[in-house]
Amino acid sequence: MTLTVYNTLTRNKSAFQTIEEHKVRMYCCGITVYDYCHLGHARTCLVWDVVRRYLQWSGYEVKYIQNFTDIDDKILKRASQEGTSMEAVSEKYIAAYFEDMERLGVGQADAYPRATHTLDGIKRLVAELEQKGFAYPAEGDVYYAVRKFPDYGKLSGRKLEDMQAGASGRVDQDPDSKKQYPFDFALWKAAKEDEPAWESPWGNGRPGWHIECSAMVRERLGETIDIHVGGGDLTFPHHENEIAQSEAVTGKPLANYWLHNGMIIVEGKKMSKSLGNFITIRELLDKYEPMAVRLFILQAQYRKPVDFTDEALSTATNSWSTLKEGLLFGDQYGEQLGFSGTNLLDQELVNRFKSAVDDDFNFAGGLAVLFEIAKNLSKEGHILIHEGIIKTDVQELEQQWQTLTQLATVLGFTASIDKDNSNTGLSDSEIDTLVQQRNEARSNKDYAQSDRLRDQLQSQGITLIDKPGGITIWNRD
RNA sequence: GGCGACAUAGCCAAGUGGUAAGGCCGUGGAUUGCAAAUCCAUUAUCCCCCAGUUCGAAUCUGGGUGUCGCCUCCA
């Protein structure tokens, strides 16, 4: 089986081949830290985290880097609104980012470089671009001359002439602009009053947005990396500009594979800050379980847009409880069934999972395998509770459970038994007594009393199951 | 206006030439005092529309229609 991936650069699926055998160098364009993350950010982080897990599980050693943009107009604006500094705003939202991602179960990258820690690399890159004639200074700013880079537009599939012709007035030359050409972009911006600035050969100033990623990739991963990922909305201009910057200097491809995830849609429109239709991860997790959110995102192909609705999240919550039941099977019944603890996997199931996901990270296809296993396990669990028997061979059940657990881990799903069910205050014998009282009421046809007792127990998390022959068993939720 | 992506049951969604995975919801039956839970069974003659290629297409080609993204900060 071969992993096949869709490459934005070639607009095609092709077999995945690494530069160095068994090693993957992967870079993800992270976030600008001026506010809490929303569901759209969650999708990006979640999807690429799972891609990385999958690559690792497939036998690759993955070096995964994700940046924080901590120099930016929006951060400065936020700082002045809050009467604080750019650093304070960045720190606050970086901390919030880690809290949110931990709750979602997103693994940590190998490093989180920041623009403010990459100034040397950035300035070196700008200087090299200037030396090679790709950049020009203008009154303290430095711009990249896109017309000097023949490949400009190759990632997003556009031509400069078309963009200019088709933009219908949207790219009118700003009379105050220092650019030589409308699509040139800033590598370095001259310092404004009261704003943070760094010394440079072009005067005090700060870096433009795109240059930091070029510098970080080069510094942390090298001149050509295997996979560069990010949200689809970054394809142009951000990633296009990264390519222009890096490749102009090195003469080598910046990345062999460019992968982009689709957007979250709300009522037909992209979830975004500017539209104000976003829901933060924190708000979301007040209402839904993290694993349900993960399922909601992974059930869709990563490149397609996904509609956010409460109905979809509720559905995902129900689906998650099915999966969860399967995942908890061994914890709940393993001891009783005498699980051996050996880690044997069902290769047929593993292969089906792998062949699904190997096709451009088709996680939805992989999840179908997980659901199949989980459904059977939860069914066996139910039969065990109700009838005290199982219908599948114990060894096979254990193998299924081990397989489910491992495959779920690849996708980042983990379940744990809720610990707060022991505070009902009722001991087993007390429950037995109440159940007996209820059965007496039932035999006297005093159903009002019997239902009252059942409700009372239910409210304390005790579910009664009436079986044929007047036998009642119970269990704690 | 330019570039790109997508269109499969009530909802979400996989499937890229051989006759429609999976999830959620629902339905029928068993069981029950009634429930709940559970078990069993069941839910697209058809994949946006039209034409074509083919023995055969949801899957390929052409043309429509619709939706979304990017072209400005953006995950």
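Throughout, a chain's letter reflects where its sequence line sits, starting with A, and its residues are numbered from 1. This structure is a prediction, so every number in the text was calculated from the model and none was measured.
- No hydrogens or angles were tested; on distance alone, a donor-acceptor pair under 3.5 Å links the side chain of A:Asp451 to the base of B:G33.
- Remark: A:Lys375 is in phosphate contact with B:G23, judged by side-chain N or O atoms under 4.0 Å from OP1 or OP2.
- With distances taken from any side-chain atom of A:Arg442 to the nucleotides B:G2, B:G33, B:A13, the minimum falls on B:G33.
- B:A5 is paired with B:U67 under the Watson-Crick or G-U wobble criterion, all donor-acceptor distances under 3.5 Å.
- Relative orientation of the A:Tyr54 and A:Phe363 rings is perpendicular, given thresholds of 30° and 60° on the angle between their planes.
- Nucleotide B:C73 forms a pair with no other nucleotide shown, judged by Watson-Crick or G-U wobble geometry with both contacts under 3.5 Å.
- The side chain of A:Lys269 contributes an N or O atom lying less than 4.0 Å from OP1 or OP2 of B:G69.
- Under 4.0 angstrom from either OP1 or OP2 of B:C70 there lies at least one side-chain N or O belonging to A:Lys270.
- Other residues, nucleotides and ligands place more than 12 heavy atoms under 6.0 Å from the CD atom of A:Glu87.
- Evaluated for a side-chain contact (heavy atoms from CB on, under 4.5 Å) with A:Tyr333, the options A:Ile390, A:Ile385, A:Val394, A:Leu377 yield exactly one hit, A:Ile385.
- Atom P of B:C46 sits at a distance of 12 Å from the matching atom of B:A20, rounded to the whole Å.
- Stacking between A:Phe371 and B:G23 is absent: the ring centroid is not both under 5.5 Å from the six-membered base ring centre and under 30° in plane angle.
- Phosphate contact (OP1/OP2 of B:U38, side-chain N/O of A:His386, threshold under 4.0 Å): absent.
- Both A:Ile383 and A:Tyr447 sit near RNA chain B, but only A:Tyr447 has its closest nucleotide nearer the 5' end.
- A close approach under 4.0 Å does not occur between any side-chain nitrogen or oxygen of A:His38 and OP1 or OP2 of B:A75.
- Of the candidate nucleotides B:A5, B:U38, B:C34, B:C34 has the atom lying nearest to any side-chain atom of A:Arg454.
- Between the side chain of A:Asp466 and the base of B:A35 there is at least one donor-acceptor pair of N/O atoms closer than 3.5 Å.
- Out of B:G15, B:G69, B:C71, the shortest distance to the side chain of A:Asp359 is found at B:G15.
- The shortest distance between the side-chain N/O atoms of A:Lys304 and the OP1/OP2 oxygens of B:A7 is below 4.0 Å.
- One C1' atom belongs to B:G17, the other to B:C47, and the distance between them is 15 Å to the nearest Å.
- Under the Watson-Crick or G-U wobble criterion, with both distances below 3.5 Å, B:C39 is paired with B:G29.
- The shortest distance between the side-chain N/O atoms of A:Lys379 and the OP1/OP2 oxygens of B:C40 is below 4.0 Å.
- Residue A:Asn318 has no polar side-chain atom (N or O) positioned under 4.0 Å from OP1 or OP2 of B:G23.
- Base pairing of B:U19: no nucleotide in any strand meets the Watson-Crick or G-U wobble criterion (both distances under 3.5 Å).
- Pairing for B:G10 goes to B:C24, judged as Watson-Crick or G-U wobble with the two contacts each under 3.5 Å.
- Nucleotide B:A51 forms a pair with B:U61, judged by Watson-Crick or G-U wobble geometry with both contacts under 3.5 Å.
- Taking a pair to require two hydrogen-bonding distances under 3.5 Å in either a Watson-Crick or a G-U wobble arrangement, B:A44 remains unpaired.
- Across the C1' atoms, B:A14 and B:C70 are found 27 Å apart, a figure rounded to whole Å.
- Residue A:Thr322 places at least one side-chain N or O closer than 4.0 Å to OP1 or OP2 of B:C24.
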